[in-house]
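Data block below; observations after.
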Amino acid sequence: MQINPACILSIFLLSFISISGASSAHNENDFLECLTVQFHRSNSDSDSIYTPKNVSYLSILQSSIRNLRPASNSRQKPVVIITPEHESEIQAAIYCSKKHGIQLKVRSGGHDYEGLSYISQTPFFIVDMRNLRSISIDTEKNTAWVQTGATLGELYYTISQKSKTLAFTAGVCPTVGVGGHFSGGGYGMMSRKHGIAADHIIDAKLIDANGKILDRESMGEDLFWAIRGGGGTSFGIVVAFKVQLIVIPETVTVFNVSRTLEQNATQLVHRWQYFADKIDDNLLLRLFLRSFNSSNGKRTIGAFFTSLYLGRVDDLLPIMQQKFPELGLVKEDCTEMPWIESTLFFAGFQGESLDVLLNRTQVSTAYSKAKSDSVMQPIPEHGLESIWNFLEEEEENGAELQFSPYGGRINDFSESEIPFPHRSGNIFMIHYGVGWADNAEYQRHINWIRRLYSFMARYVSKSPRAAYFNYRDLDIGMNNIKGNTSYRQASVWGFKYFNNNFRRLVKVKTEVDPTNFFRNEQSVPPTSTQ
Ligand SMILES: Cc1cc2nc3c(=O)[nH]c(=O)nc-3n(C[C@H](O)[C@H](O)[C@H](O)COP(=O)(O)OP(=O)(O)OC[C@H]3O[C@@H](n4cnc5c(N)ncnc54)[C@H](O)[C@@H]3O)c2cc1C
Ligand SMILES: *[C@@H]1O[C@H](CO)[C@@H](O)[C@H](O)[C@H]1NC(C)=O
Ligand SMILES: *[C@@H]1O[C@H](CO)[C@@H](O)[C@H](O)[C@H]1NC(C)=O
Ligand SMILES: *[C@@H]1O[C@H](CO)[C@@H](O)[C@H](O)[C@H]1NC(C)=O
Ligand SMILES: *[C@@H]1O[C@H](CO)[C@@H](O)[C@H](O)[C@H]1NC(C)=O
Ligand SMILES: *[C@@H]1O[C@H](CO)[C@@H](O)[C@H](O)[C@H]1NC(C)=O
Ligand SMILES: *[C@@H]1O[C@H](CO)[C@@H](O)[C@H](O)[C@H]1NC(C)=O
């Protein structure tokens, strides 16, 4: 079982635990009535309100859940799910949420690793953005307005229908939602040449805690700064982002070559660390590492060099020959294709029609847990060998490490340009993942990934030990479930995700949402609540 980025997962039954929470039914009824009245007032019908009695409630709830783990540990189901079609419905939801103390959670693509967009330990409801997903492209200015309920697949597809040389730099899995992904960063196969998604946001439409609809000009540069990498959730509901598209060549080149331990994988991975962030910006060589049975039936470690080159194969080969001859890449390993086809390739849909990018259905899912790190000094060979030992322990259980190189355009921005701080000085990011089907073994898998993470401390960034916000990990610290959280307590996780930018995020939060209306297990706290 593979977790990421091949976006195809095996199917398991989702067992959302249904224990009615300790919340007062009284409040919930008042809240529902408030919603109905407010929706009516704004002339929208209540068709977009799903209570647990509605036959579609459960399928809507489950439709974009990618990870069974948070849901299976969750004690509460949402009081209601709303699927707004108009901004007025979001304003109504904010109004009623405040009035009746039912917590608001917003969900775009539902890919949050800890399920923060659809679970909560206090009475809550979900604003699901699925119906707000229009995409409009301006091919003269090379910009796009993208509503946050859209998926990356929908965005990539829509761009490709307008132009062969326009694209956008964002993540690999087509069902990832724009709302969470852009507001939390957005790393992808073109990030060395073009940076991350949040680097390209040029305007936004946001509804704040007072229900006000703001754009870049009316929200001001501080708030606009915060929602480009600091996570949308702490500041409001982002309805749409305007992004600058990027210009790409008509033909790009992909390859995915594997090397086992017998084929010197250890030396190759070791060597990779010395150039992965410095090589030609057009080339991004990502590494996937896992234990597997090789064709001769022998257990080994596989290092998969999964790569995109923004150019033709004849220009790629000399670069590889000069910088990484040890890999022995040959023309036959490479395939030239339009960029849009490469998005299928990296998502594991090679050969399928482009429409697959529009498929939002994803009942399929598994239990998984992920963590992240940032590496600033190459890991020595004996360190890599220890990682192999960890991988061998989890052999059948979909354990995988991803090494994603930084450098290139990512380093063109200062650490404080936007809240995403992982710029110069970082060679690559590690994504640790483990997935499993049988939850009886839950604790063993969790222990495994925590042990590995703890072992890795000696090889990765320190003070703070950096983590990538979009690879959400509640192990690194979280807010109090009830009541306020101090700056000091939130700093534990805040500095890992944002480094010194955390201070400015708190300042912005204090200005725009002093009562901490928009909150979750890892939201930025206002200082006014201390
Ligand atoms: C299979 C898979 C592949 C992935 N691949 C990549 C990758 O290649 N690169 C990468 O960088 N990341 C990747 N990720 C991580 C992904 O970027 C994050 O999980 C991201 O937050 C998902 O956004 P979402 O809208 O789908 O999630 P959601 O669960 O809907 O939202 C995530 C968070 O953002 C908040 N939020 C969502 N919408 C809004 C909104 N409109 N306004 C305000 N707040 C909002 C939610 O409340 C939640 O806190 C991947 C994740 C998965 C599961
Ligand atoms: C459930 O929701 C659908 C879609 O909004 C609506 O058509 C239907 O009437 C609802 N059913 C119930 C029982 O509320
Ligand atoms: C592995 O490395 C050794 C020593 O550098 C070399 O002799 C050998 O040819 C390499 N093996 C493969 C399969 O590349
Ligand atoms: C790998 O090989 C081992 C031992 O031969 C076997 O038990 C296991 O089922 C194999 N795993 C896979 C995924 O084929
Ligand atoms: C790369 O190859 C490995 C092994 O065949 C496979 O598991 C993985 O899905 C491939 N990745 C891509 C992006 O094709
Ligand atoms: C969309 O994907 C789901 C899950 O992978 C699949 O079952 C379904 O057939 C797909 N739908 C279409 C229209 O291709
Ligand atoms: C949290 O902070 C707010 C704003 O300062 C305050 O009104 C509220 O009483 C605090 N709540 C708790 C539980 O301390």
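For the numbers below, each heavy atom of this structure counts, side chains included, while hydrogens, waters and symmetry mates do not. Both counts, for ligands and for their atoms, begin at 1 and track the order of listing.
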4.0 Å heavy-atom contact, [X] with ligand 1:
| X | value |
| --- | --- |
| Tyr471 | yes |
| Gln522 | no |
| Ser183 | no |
| Gly185 | no |

Less than 3.5 Å between some nitrogen or oxygen of [X] and one of ligand 1, yes or no?
| X | answer |
| --- | --- |
| Val178 | no |
| Gly177 | yes |
| Tyr468 | yes |
| Gly109 | yes |
| Arg107 | no |
| Ile237 | no |
| Ser117 | yes |
| Gly171 | no |
| Arg286 | no |
| Val106 | yes |

Distance filter under 4.0 Å to Phe304 heavy atoms, resulting ligand 5 atoms:
2 (O), 3 (C), 4 (C)
Atoms of ligand 5 under 4.0 Å from any heavy atom of Thr306, numbered from 1 in the order shown, are 13 (C)
Please classify the [X] to ligand 1 contact at 4.0 Å (heavy-atom distances, strictly less than): side chain, backbone, both or neither.
| X | result |
| --- | --- |
| Asn520 | side chain |
| Val238 | both |
| Lys105 | neither |

According to the interplanar angle, ranging from 0 to 90°, do the rings of Phe498 and Phe502 count as parallel (below 30°), tilted (30 to 60°) or perpendicular (above 60°)?
parallel
Can you tell me how the ring of Phe428 sits relative to the ring of Trp272, calling it parallel under 30°, perpendicular over 60° and tilted otherwise?
perpendicular
When you measure from atom 43 (C) of ligand 1 to each heavy atom in Gly179, Pro70, Gly236, which option holds the nearest one?
Gly236
Please tabulate, for the side chains in residues 233-245, all donor-acceptor contacts under 3.5 angstrom to protein atoms that are two or more places apart in sequence or on a different chain.
{"from": "Ser234", "atom 1": "OG", "to": "Val524", "atom 2": "N", "distance (Å)": "3.0"}
{"from": "Gln244", "atom 1": "NE2", "to": "Lys141", "atom 2": "O", "distance (Å)": "3.2"}
{"from": "Gln244", "atom 1": "NE2", "to": "Asn142", "atom 2": "O", "distance (Å)": "3.1"}

Tell me which part of Arg290 gets within contact of ligand 5: side chain, backbone, both or neither, using heavy atoms under 4.0 Å.
side chain
Going by side chain to side chain contact (heavy atoms under 4.5 Å, CB included), name the residues that satisfy it together with Arg409, two or more places apart in sequence or in a different chain.
Asp412, Phe413
Main-chain N/O of Ile430 paired with Asp373 side-chain donor or acceptor, under 3.5 Å
no
Short side-chain to backbone donor-acceptor contact, Lys98 and Ala209, under 3.5 Å:
yes
Report the residue from Leu310, Asn282, Leu329, Val252 that forms a side-chain contact (heavy atoms from CB on, under 4.5 Å) with Leu316.
Leu329
Would you say Arg286 touches ligand 5, if touching means a heavy atom closer than 4.0 Å?
no
Asn359 side chain reached by Thr175 side chain, heavy atoms, under 4.5 Å:
no
Numbered atoms and elements of ligand 1 in range of [X], under 4.0 angstrom, heavy atoms:
| X | result |
| --- | --- |
| Gly232 | 43 (C), 44 (N) |
| Thr148 | 41 (N) |
| Cys173 | 1 (C), 3 (C) |

Within 45 degrees of the axis of the six-membered ring of Tyr432 and under 6.0 Å from its centre: does Lys371 put its NZ or CZ there?
no
Does Phe469 have Arg472 sitting over its ring (NZ/CZ under 6.0 Å from centre, angle to axis within 45°)?
yes
Looking at every non-hydrogen atom in both residues, tell me the closest pair between Leu505 and Gly230 and how far apart they are.
CD2-CA, 4.1 Å
Between Pro174 and Thr151, the two heavy atoms sitting closest are O-CB, 3.2 Å
Intermediate values then yes/no, ring pair (Phe, Tyr, Trp, His ring centres under 6.0 Å), Tyr471 and Tyr113
CA-CA 6 Å; Tyr471 292 160; Tyr113 280 173; 5.6 Å; yes
Report the C-alpha distance between Glu394 and Arg290 in whole Å, list the side-chain angles of each, state the deciding distance to 0.1 Å, and finish with yes or no for salt bridge (Lys or Arg N to Asp or Glu O under 4.0 Å).
CA-CA 9 Å; Glu394 272 283 319; Arg290 56 179 191 271; over 6 Å; no
Please check whether Asn256 reaches ligand 5 - meaning an N/O of the residue sits under 3.5 Å from an N/O of the ligand, judged on distance alone.
yes
